[in-house]
There are 2 protein chains.
Amino acid sequence: MSARQDPPSRPTIIHVARAAGVSKSTVSRVLQGDTASVKPETRQAVARAIRKLGYEQNAIASSLRTARTHTVMLIAPDIANPFWSEVTRGLQDTMEHSGYSVVVGNGDWDPHRESQFLKTAQRNRFDGIAINPTIIHCRELRATGIPTVILGIRDGFPQIDMAGSDTYRGTLDALAYLYKMGHRRIGFIYGRYNTDPGYARFQAYADFVKRNHLRADSSLIVEVPFDRAGGERGMQTLLSLSKPPTAVFASNDILAIAAMQRAAQLGVKVPGDVSIVGMDDIYPAAMTTPPLTTMAKQKYEVGCQAAQFLIERIAGKAPREGRRCVLPCRLVERGSCAPSRG
Amino acid sequence: MSARQDPPSRPTIIHVARAAGVSKSTVSRVLQGDTASVKPETRQAVARAIRKLGYEQNAIASSLRTARTHTVMLIAPDIANPFWSEVTRGLQDTMEHSGYSVVVGNGDWDPHRESQFLKTAQRNRFDGIAINPTIIHCRELRATGIPTVILGIRDGFPQIDMAGSDTYRGTLDALAYLYKMGHRRIGFIYGRYNTDPGYARFQAYADFVKRNHLRADSSLIVEVPFDRAGGERGMQTLLSLSKPPTAVFASNDILAIAAMQRAAQLGVKVPGDVSIVGMDDIYPAAMTTPPLTTMAKQKYEVGCQAAQFLIERIAGKAPREGRRCVLPCRLVERGSCAPSRG
DNA sequence: CAATATATTGGGAACGTTCCCAAAATCAAT
DNA sequence: ATTGATTTTGGGAACGTTCCCAATATATTG
């Protein structure tokens, strides 16, 4: 049909060898920076040939032979959430610094997609996996045979490295902060996960109530999906209680911000009528009115640390047992909290 | 040293063949879904063997043979900006839907990194590239020999597909909106790019001024870097003018939001004392106080369209000349603008 | 200078697929 | 049963590297 011109196929190591008057073995050595076992002159000659031909190494062929792809997969539940963007950046910067590329899979809270990505990682022989598992279990992860790190702190993954935040402690501290301001009826907008991470917050809330001898009032806990609509609905529910809370802790900033907006719509003043504390400290938290007081997580650092773990494990320099790096949270006081007027 | 157990090497197509009592060719055919030329029974037998051995195809080997990787690279200047997160999501969703993985490279406004990513794409024989070029030129892009789509509308890339927003028209409309509200002194916070995209806005501003016979006052144009600090500085500069503008158009929402915050810090009321219009409509724009009026871009859709172009071009189903898809902007009126009191 | 050690190099097998082509099996028609 | 067409299968050469091992060139020593 159309006289499709043959795409000028890229030069291979063999073309380079020919041009430099050496064998492909030698070229390969130069390519790998094996400075010890190749004479400087030949080295030069090869380099010249490479430049002249515009040769680019074929990573595919290399990977096939070495069984290393220098690529890892990141599986996060929701890249649209700035929280994960930040974690991703940390991971990516660190991985790239060590010569790895990062493929990011957006799980989108869909269990099917999650295991789909796992398969992709397997087929493509990725060197590592960083994942915040929503539904995937330990055995499936280990069955891949690929070095793995978990983003977040989870039970039930004994042999796997984990990097995350101290959500339990952070939640406790956030609640203590409100308590110290005189709040005794504290609502809890509880983002629902299928698995533990939400649970740490829940646990902390329960422990807090017990420890301070507050009356356990289950109507103060509302469970909602982890999105904007969830936050709005949560606040709505809490405020329409016959005895609404004077303060609210939300599982994350997305929920907290939405809650704050809904409060405003209902004519309830923040922090005058109700105080709000969020968690994560995502980028938009600083620009709401009032700016959101929140328990900040070290997002970028979590990503970096996870990458570090992963790199070591890939290199086989990690201990058999799983390590965990738990970074503390830190309260960022802005304008969404005030002393209770009770 | 340590008795490292041999990792149980994955089964290959040959193991499957052996188990099913057929040749590797036949297994390969089954794998590729070549339903026409393999007898249903053998097909079944192979499928059984695959399941039994837990075989996973080696995409690397496959790629080496077929010269197709089913992977594309996205190079964006700043993934932390929610604008790019959205575009990325659109691209990713569409690409994944067609069986492609997406590697995202965060250019971080660093020209060196940008061409570094290009090299990576080349070495890994990625099937496609989607890029918002900040410094890279057309020839370098074409020299890769990889099908490419540009995110955004640019001059100087004649043969390359582009998907983006009508920034020129959008800017014009935003300014017209302010004009209709009675504003005659309109400031322009001009995000600096090395290349055109900022320029479309600049051009529009200049044309607008001329067309409406406004006095060309260069002190109303401040050029700043494309980040939060830039926005704050820009606003500061404009407000300290002896005759400050009554309205400001900012190149994007990051700048606009920062500008708004700086105004508030300086005790200048928005929109009472100064109106502000942004561009992009990123996620945080809705939660500022007042919420930001902005010229919305169809971020997700741009990503989808770019993916579509790329997929077609990879398949060789695209015309030789570059196509362009220009999506219109749409004004989202929120609370940061008010009629001029002049 | 011979003999040995050491620094460089080259040849070829392997990695796990795909794909061409030929071989074998099946079917249809005489 | 024979021929020919058609379906289904198998064998082996690629793809572009790396890496082992052997071969050669060079340096060192007596």
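By convention in this document, chain letters (A, B, ...) are assigned in the order of the sequence lines, proteins followed by strands, and residues within each chain are numbered from 1.
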Checklist line | Separation of D:dC15 P from B:Arg125 CZ (nearest whole Å) | finding: 13 Å

Distances under 3.5 Å between nitrogen or oxygen atoms of protein and nucleotides 22-24 of chain C:
none

Item checked: B:Thr148 (side chain) donor-acceptor with B:Ile146 (main chain) under 3.5 angstrom -> yes

Notebook entry, point to check: Between atom CG in A:Leu31 and atom C1' in D:dC19, what is the gap in whole Å?
Noted result: 14 Å

Next item on the list: To the nearest Å, give me how far apart CD (B:Glu56) and P (C:dG16) are.
Entry: 15 Å

Check: Does the side chain of B:Phe117 reach to within under 4.5 Å of the side chain of B:Ile129, using non-hydrogen atoms?
Finding: no

Note to self: In whole Å, I'd like the distance from the CG atom of B:Asp34 to the P atom of D:dT9.
What the structure shows: 11 Å

Note to self: Please encode protein proximity along nucleotides 4-11 of chain C as a string of B, S and -, counting only heavy-atom distances under 4.0 Å.
What the structure shows: ----SBBB

Margin query: Could you tell me how far apart A:Ile60 (CD1) and D:dT17 (P) are, to the nearest whole angstrom?
Written below: 11 Å

Check: Counting N and O atoms only, with roles assigned by atom type, does the side chain of B:Gln308 sit under 3.5 Å from a partner on the main chain of B:Cys304, one being a donor and the other an acceptor?
Finding: no

Check: For A:Ile60 and B:Asn124, which heavy atoms make the closest approach, and how far apart are they?
Finding: CD1-O, 3.7 Å

Next item on the list: Indicate yes or no for a side-chain donor-acceptor contact from A:Arg113 to the backbone of A:Asn106 under 3.5 Å, with no hydrogens or angles considered.
Entry: yes

Checklist line | Heavy-atom pair of closest approach, residues A:Ala67 and A:Asp127 | finding: O-OD1, 4.3 Å

Margin query: Just so I know, are the side chains of B:Asp161 and B:Arg313 near enough to count as touching, which here means a heavy-atom distance under 4.5 Å?
Written below: yes

Next item on the list: Figure out the CD1/P separation between B:Ile13 and D:dG12, and round it to whole Å.
Entry: 16 Å

Checklist line | Under 3.5 Å side-chain donor-acceptor pair for B:Glu140 and B:Ser115 | finding: no

Margin query: For the helix from C:dC1-D:dG30 to C:dT30-D:dA1, what angle separates the axis at the start from the axis at the finish, each from five pairs, in steps of 10°?
Written below: 40°

Check: Which pair of heavy atoms, one from B:Glu114 and one from B:Ile75, lies closest together, and at what distance?
Finding: CG-CG2, 4.0 Å

Next item on the list: Check whether any side-chain nitrogen or oxygen of A:Gln57 sits under 4.0 Å from OP1 or OP2 of D:dT17, and answer yes or no.
Entry: no

Margin query: On the nucleotide C:dT17, are OP1 or OP2 found under 4.0 Å from the side-chain N or O atoms that B:Ser28 carries?
Written below: no

Item checked: Nucleotide D:dG16, atom P - distance to CG of B:Asn124 in whole Å -> 15 Å

Notebook entry, point to check: Between B:Thr120 and B:Gln116, does any side-chain donor sit less than 3.5 Å from a side-chain acceptor?
Noted result: no

Checklist line | Candidates D:dG16, D:dT18, C:dT17 - which lies nearest the side chain of B:Arg65 | finding: C:dT17

Check: Is there side-chain contact between A:Arg323 and A:Phe309, with heavy atoms separated by less than 4.5 Å?
Finding: yes

Note to self: Under 4.0 Å from OP1 or OP2 of D:dT17: is there any side-chain N or O of A:Gln32 that close?
What the structure shows: no

Next item on the list: Calculate the interatomic distance between A:Ile14 atom CD1 and D:dT18 atom P; express it in whole Å.
Entry: 12 Å

Note to self: Tell me if a side-chain donor or acceptor on A:Gln92 pairs with a main-chain N or O of B:Val104 at a distance below 3.5 Å.
What the structure shows: yes

